[in-house]
Amino acid sequence: VQLQASGGGLVQAGGSLRLSCAASGSIFSINAMGWYRQVPGKQRELVALITSGGLANYADSVKGRFTISRDNAKNTVTLQMDSLKPDDGAVYYCTAQGVRIAGAPALFEYWGRGTQVTVSS
């Protein structure tokens, strides 16, 4: 299973960016997909996760500004980021959790390589 993220870049404070991530491989189902972010010297932190049923969980710092959505049929997840702040600048990592793959009874967790988001003040 591979996760391919796109959409990072440089934006001014107050602007918007959209991150997308597609999971590919022999996937039977994915429980949750979403995004974490990390800045140098700090732990990776949750940004937003969404379950296959559409239940979304957001970090307090992004509530009301970010919107996560998902296409279960395509195994894709999108993060719409509005009203960006300099503190939102980080490497954003896509994740797929509780992944059931063809022929395996266990559940797996996968991470993408990360995409840089930079917000200038």
Remaining members of hydrophobic cluster (4.5 Å side-chain criterion), L10: none
Quick note, disulfide (SG to SG under 2.5 Å) partners involving residues 27-69, not counting sequence neighbours, are none
Show every ring-ring contact (aromatic ring centres under 6.0 Å, His included) that has at least one partner inside residues 56-92, sequence neighbours left out. none
Tell me every residue that passes side-chain hydrogen bond (donor to acceptor under 3.5 Å, both in side chains) with S6, counting only those two or more places apart in sequence or in another chain. none
Is L3 reachable from V99 through a run of hydrophobic residues whose side-chain heavy atoms are each under 4.5 Å from the next? yes
Show me the donor-acceptor pairs, under 3.5 Å and distance only, between side chains in residues 75-84 and residues at least two apart or in other chains.
from	atom 1	to	atom 2	distance (Å)
Q80	OE1	R18	NE	2.7
Q80	OE1	R18	NH2	3.1
Q80	NE2	D82	OD1	2.9
D82	OD1	S16	OG	2.7

Enter the distance from S121:OG to Q12:CD here, rounded to the nearest 0.5 Å. 9.5 Å
Count I, L, V, M, F, W, Y as connected when their side-chain heavy atoms are under 4.5 Å apart, and connections chain through other members. Are L19 and L46 then in the same cluster? no
With a 3.5 Å cut-off and sequence neighbours excluded, list the donor-acceptor pairs that the side chains of residues 24-35 form with protein atoms.
none

Review item, side-chain donor-acceptor pairs of residues 103-116, under 3.5 Å, at least two apart:
from	atom 1	to	atom 2	distance (Å)
E109	OE2	W111	NE1	3.0
T115	OG1	G8	N	3.4
Q116	NE2	A90	O	3.4

Shortest non-hydrogen separation from A56 to I68 and the atoms involved: CB-CG2, 3.8 Å
Could you give all pairs that pass the disulfide (SG to SG under 2.5 Å) test and reach residues 29-121, with sequence neighbours left out? C21-C94
Residue list, side-chain hydrogen bond (donor to acceptor under 3.5 Å, both in side chains) with K42, at least two apart or on another chain: none
Could you pull out all residues at least two apart from E45 that satisfy salt bridge (Lys or Arg N to Asp or Glu O under 4.0 Å)? R37
Determine, using the 4.5 Å side-chain heavy-atom cutoff (strictly less than), whether V117 and Y36 are members of one ILVMFWY cluster. no
Using the salt bridge (Lys or Arg N to Asp or Glu O under 4.0 Å) criterion, which residues pair with R65? Sequence neighbours excluded. D88
Which Ile, Leu, Val, Met, Phe, Trp or Tyr residues join V39 in one cluster when any pair of side-chain heavy atoms under 4.5 Å counts as a link? none
hydrophobic_cluster_shared for L49 and V1, side chain cutoff 4.5 Å: no
Inspect the surroundings of CD in Q38 and state if more than 12 heavy atoms from other residues, nucleotides or ligands are less than 6.0 Å away. yes
